[in-house]
Amino acid sequence: MTTTEITGAEDVAWDLSDLFEGSDDPRLEADIEEAETAAAAFRERYYGKVAGLSAAELSEAIAERERIEEVLTRVGYFAHLHFATDMADPARGALVSRITEKGAALDTQLLFFGLEIAEIEDDAAESLLESSDLDHWRHWVRSLRKFRPYLLSESEEKIVTEKSVSGVSAWGRLYEELLGALRVELDGAETSFEEAMSKLYSADRDVRRGAAEAVTQALEPGLRTRTFIFNTILLDKSIDDRLRGYETWISARNLRNDTTDEAVEALIDAAVSRYDVVQRYYTLKAKLVGLDQLTYYDRFAPIGEDPSTVSWAEARDIVVGAYADFAQEAGDVAERFFTHNWIDAPVRENKRTGAFCATSVPGVHPYVLMNYTGDRRSILTLAHELGHGLHGWMAQPLGLFNADTPLTTAETASVFGEALTFKRLLALEEDPTRRLNLLAGRIEDSIATVFRQIAMNRFEDSVHTERRSEGELSTERLEQLWLETQSKLFAKSVDIDGYGTWWSYIPHFLSTPGYVYAYAYGFLFALAIFRKYEQEGESMVEPYFDVLRAGGSRPPEELAAIVGLDLTDPSIWKSGIDALSDELDEAEALATEIGLG
Ligand SMILES: [Zn+2]
């Protein structure tokens, strides 16, 4: 991706010296060595002895385990961030793989600690946890021990871990390599998969159709091999779940996400019962782009032209202003990212695409990477990443283990910050066409995050369930289940004829089964908090900050309770979806107003 627009973001580069002076900083090597020495000493001191520790001794051991993790995380963050701004530099790539290998080796060495904590008998564990010595680690220990009923013996766990390298991980890697090698024949030339997919955003329908057909064609070769790999991974997971005693295919994921099967079911039911929002939106969009009905390759077609570029300075004002309007403290933290060079903003050759926030380690602030192009979407991306930044900043005093959030609450501050900024953008815009474009973009993002993920979860649910009851699934059957779950989502609003093999390019299904619903969970949770803030105003500010300050030190249910929400009540999901539906109402009204509805 390149841009010729001058936005003022061109020289906005981050300063990584708060982590290390550079890849040749002698502290870096010294830290790696220190982590290795400390890990060896840790194993020597605690291996086989965890059950015999007093509460005070256990507390000390966890603190030391966390400290080792911190040392390595700091080195790892530096390597990854350093690499992200110039991925063509072999030295930067080499540093990343060296640190990754070191990290894996240390993990294996220290694996015993978590296992031994989980193996402590329930009664003994409860009396340990009653001690005030473990106040700081109580949630961390409890989260770890939730896996206790599903753990195998240490020697079995070792076999599972070691054999997975040549088993399920190898299959996963083969799948990724096959996907990576896909080439799309487009306009007589060979192009990458990403390049072809990006053409689905073209304003020219012929270009979109051509790209979609070329993608479908490119997915054809090797489909049977990919089907076989998918089946193998489905089988592997079913064996694993059976041996460990997980009730359903998704139970292990839910536990890891710090949530329950019931809460996730309520979320899924709520989203599935409101697929009408998606269908209404795509029906409206068809009118907006002048079609009778959208096909699957029209979903990302741009609505109207907005050639205006927003300068970096203006984006900064809008985002920091939105945060400061909410609370001065939030605005001040956001402002620091700009004044202290914690953001790497411009589009640059060989830089990582997309955007992320690295929340870093205690004592070091978070860093934000993005590819700022000056379109409206970039402003919301900036707001999103600064939300993660605010979250990381506020939770940091808890330390690495307690600040770390599960996937389900990781997006709280980012989605909230995006909602704040979107409201401001909308308030600044009076022209109905531009308001409509803003709303459409917002609704499309929400559909992608909530409903699309839930429809994908329904596909996963059907394939995992069927693999367990009926055995291997054929390519045709996978296609059928994919189209069934997609057509429930779109009904008549989108024609999906020709879309049948597109399940096979989504790596999440294989690499992290059950992953996708967490996007919807996090998004709707954050939106429910935002809606409450809109209703109650100022009085929600401190409770909201308390949620951020708690990081991952408390389960999602308790975090929700801080802001007066009940995660076991399905209406929480309904509230977030109602907010989307309200935005859609306004979009429909605007379309009528400008004569397009
Ligand atoms: Zn995010």
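In listed order, ligands and their atoms are each counted from 1.
Here the N, O or S atom of His388 that is nearest to the Zn ion (ligand 1) is NE2. The atom of His384 nearest to the Zn ion (ligand 1) is NE2, with the search restricted to N, O or S atoms.
Phe337 and Trp342 have perpendicular rings, their planes meeting at more than 60° on a 0 to 90° scale where under 30° would count as parallel.
Distances from the Zn ion (ligand 1) show that Glu411 has an N/O/S atom below 2.8 Å.
Contact check on Arg336 versus Asp332 returns no salt bridge, with no Lys/Arg side-chain nitrogen under 4.0 Å from an Asp/Glu carboxylate oxygen.
Judged by the 6.0 Å and 45° rule, Arg74 forms a cation-pi pair with Phe20.
Here the two rings, on Phe416 and Phe326, have centers that are under 6.0 Å apart.
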